2 protein chains.
Amino acid sequence: MTPVQFFKCLSDDTRLHCVALLQKEGKLCVCELTSAMALSQPKISRHLALMRQYGLLQDSREGQWVFYQISTALPDWSKPLLENVLNAVEQSDVFKNAQQRLHHMDNRPEKVLCD
Amino acid sequence: MTPVQFFKCLSDDTRLHCVALLQKEGKLCVCELTSAMALSQPKISRHLALMRQYGLLQDSREGQWVFYQISTALPDWSKPLLENVLNAVEQSDVFKNAQQRLHHMDNRPEKVLCD
DNA sequence: TCATAATATATGATTATCCGTATATTAATA
DNA sequence: TATTAATATACGGATAATCATATATTATGA
């Protein structure tokens, strides 16, 4: 991942808020992000795929769910930047509403915590 | 400036390296940035105008030169992010070459340092 | 006032991005 | 095996970004 690719990931509202949610929640499946953001599944899925291709996110399938998280193998220069991303958006209504919807979801999939 | 606008500024090679140069050098005129980046003057000028409109940069005319610098009135959330931008690019050849060309320029304009 | 240097902007073409919709794929379950 | 849920991808259209080129603007100095 180049610095420009890193910043491209964050230069779109949908992607930025997904990253912030993943930063805060650790690991979310596509349907959780879709509900939280109140956007269509293909839209979320396309944005997640882009960030996976750039190397910002990694995915792991658990049964019928695919969980996304911030990559565990990020370049060093990106880590301090990423730590300040959540801070930049957590006050916004869009982010707070997304968090609300996430925590009010019913049927959230169980996470396997041991990996 | 919204977070997305902030990241948009940094999601293009030309803009990212201009920001990094301004971070390192403090204040540069358009012709210095044009020489440093080895790109056309209108191209540099357009990118600088975009970042000025978003509020990331501010300009100040000194005679025939227009100097750009990182805005002195940035939102709080952007400051720690900006501090790590230079770190992300300073190792790259593009950035090192730009610095080389900047310091090897002849006829660099004098800066008024008292403002 | 004329010429020049520095900078900004306009124009049109090309390319990239983003989205809705439809459909394909994968896994679970009846 | 048929169905359903979750996810990914393909397609086409709309919008936005980017660029090279040409030209306008502003300031300086002869």
Side-chain angles (χ1 to χ4, degrees), chain A residues 2 4-19 22 27-54 56-69 94 102 105-112, chain B residues 2 4-19 22 27-54 56-69 94 102 105-112:
Chain A
T2 67
V4 164
Q5 288 171 335
F6 175 83
F7 291 119
K8 253 188 219 299
C9 288
L10 306 174
S11 68
D12 171 273
D13 262 310
T14 302
R15 293 193 296 265
L16 177 60
H17 290 115
C18 283
V19 168
L22 290 170
K27 201 177 186 184
L28 295 170
C29 73
V30 179
C31 66
E32 287 175 311
L33 287 165
T34 299
S35 292
M37 303 285 297
L39 294 171
S40 74
Q41 177 269 321
K43 178 167 173 172
I44 294 292
S45 210
R46 263 185 284 112
H47 283 298
L48 294 174
L50 179 81
M51 295 193 281
R52 175 171 36 82
Q53 284 155 19
Y54 282 159
L56 180 57
L57 302 185
Q58 66 185 51
D59 63 348
S60 54
R61 181 176 276 275
E62 289 178 20
Q64 59 190 148
W65 297 286
V66 175
F67 285 88
Y68 279 85
Q69 61 184 314
V94 174
L102 176 64
M105 271 183 75
D106 34 50
N107 301 327
R108 286 184 69 183
E110 299 288 336
K111 276 160 207 142
V112 177
Chain B
T2 67
V4 164
Q5 288 172 336
F6 176 83
F7 291 119
K8 253 188 219 298
C9 288
L10 305 174
S11 69
D12 170 274
D13 263 310
T14 302
R15 292 194 296 266
L16 177 60
H17 290 114
C18 282
V19 168
L22 290 169
K27 202 177 185 185
L28 295 169
C29 72
V30 179
C31 66
E32 286 175 311
L33 287 165
T34 300
S35 292
M37 303 286 296
L39 294 172
S40 74
Q41 177 269 319
K43 178 167 174 172
I44 294 291
S45 212
R46 260 184 290 110
H47 283 298
L48 294 174
L50 179 80
M51 294 192 281
R52 174 169 38 79
Q53 285 155 18
Y54 281 160
L56 180 58
L57 302 185
Q58 66 184 53
D59 63 348
S60 54
R61 182 175 276 274
E62 291 177 19
Q64 59 190 148
W65 296 286
V66 174
F67 286 88
Y68 280 85
Q69 61 184 311
V94 174
L102 176 64
M105 271 182 76
D106 33 51
N107 302 326
R108 286 184 69 184
E110 298 289 336
K111 273 161 210 142
V112 177

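Note that this is a predicted model, so its numbers are computed, not measured. Lettering of chains follows the sequences in order, A, B, ..., and the numbering in each one begins at 1. Because only heavy atoms are used, hydrogens play no part in the values below, and waters and symmetry mates are left out as well, while side chains stay in.
Distance CG (L50(B)) to P (dA8(C)): 13 Å, rounded to an integer number of Å. As rounded to whole Å, 11 Å separates atom P of dA28(C) from atom CD of E62(A). Going from atom CD of Q5(A) over to atom P of dA16(C) covers 14 Å, rounded to whole Å. Distance, R108(B) CZ to dA5(C) C1': 18 Å, rounded to whole Å. Separating the CG atom of L33(B) from the P atom of dA6(C) is a distance of 14 Å, rounded to the nearest angstrom. Rounded to whole Å, the distance from CE on M105(B) to C1' on dA5(C) is 13 Å. Following rounding to the nearest Å, L39(A) (CG) and dC19(C) (P) show an atom-to-atom distance of 8 Å. D59(B) places its CG atom 11 Å from the C1' atom of dA8(C), with the value rounded to the nearest Å.
Counting only heavy atoms from C-beta outward, the side chains of P109(A) and E62(A) never approach each other to under 4.5 Å. Residues L28(A) and R108(A) are in side-chain contact: their nearest non-hydrogen atoms beyond the backbone lie under 4.5 Å apart. Side-chain contact between L33(B) and L48(B) is present, with at least one heavy-atom pair separated by less than 4.5 Å.
Using five terminal pairs a side, the axes of the helix from dT1(C)-dA30(D) to dA30(C)-dT1(D) at its two ends make an angle of 10°, given in steps of 10 degrees.
Atom-to-atom distance recorded for R46(B):CZ and Q41(B):CD is 9.5 Å, nearest 0.5 angstrom. Atom CG of residue L56(B) and atom CG of residue L22(B) lie 9.0 Å apart, to the nearest 0.5 angstrom. The OG atom of S11(B) sits 6.5 Å away from the NZ atom of K8(B) when rounded to the nearest 0.5 Å. Taking CE from M51(A) and CD from Q5(A), the interatomic distance works out to 13.5 Å, rounded to the nearest 0.5 Å. Here the SG atom belonging to C18(B) is positioned 11.5 Å from the CG atom belonging to L10(B), to the nearest 0.5 angstrom.
Residues W65(A) and K8(A) both approach DNA chain D. Their nearest nucleotides, taken by heavy-atom distance, put W65(A) toward the 5′ side. Taking the nucleotide of DNA chain C with the nearest heavy atom to each of G63(A) and R15(A), the more 5' of the two is matched to R15(A). Both K43(B) and D12(A) sit near DNA chain C, but only K43(B) has its closest nucleotide nearer the 5' end.
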| request: Would you please test M37(B) and H47(B) for side chain to side chain contact (heavy atoms under 4.5 Å, CB included) and show each step? | output: CA-CA 12 Å; M37(B) 303 286 296; H47(B) 283 298; over 6 Å; no
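At the phosphate of dA8(C), OP1 or OP2 sits under 4.0 Å from a side-chain N or O atom of Y68(B).
Heavy atoms of R46(A) sit under 4.0 angstrom from at least one base atom.
For DNA chain D, the contact window with chain B, defined by any atom under 4.0 Å from a protein heavy atom, covers dT18(D) to dT28(D) in 5' to 3' order.
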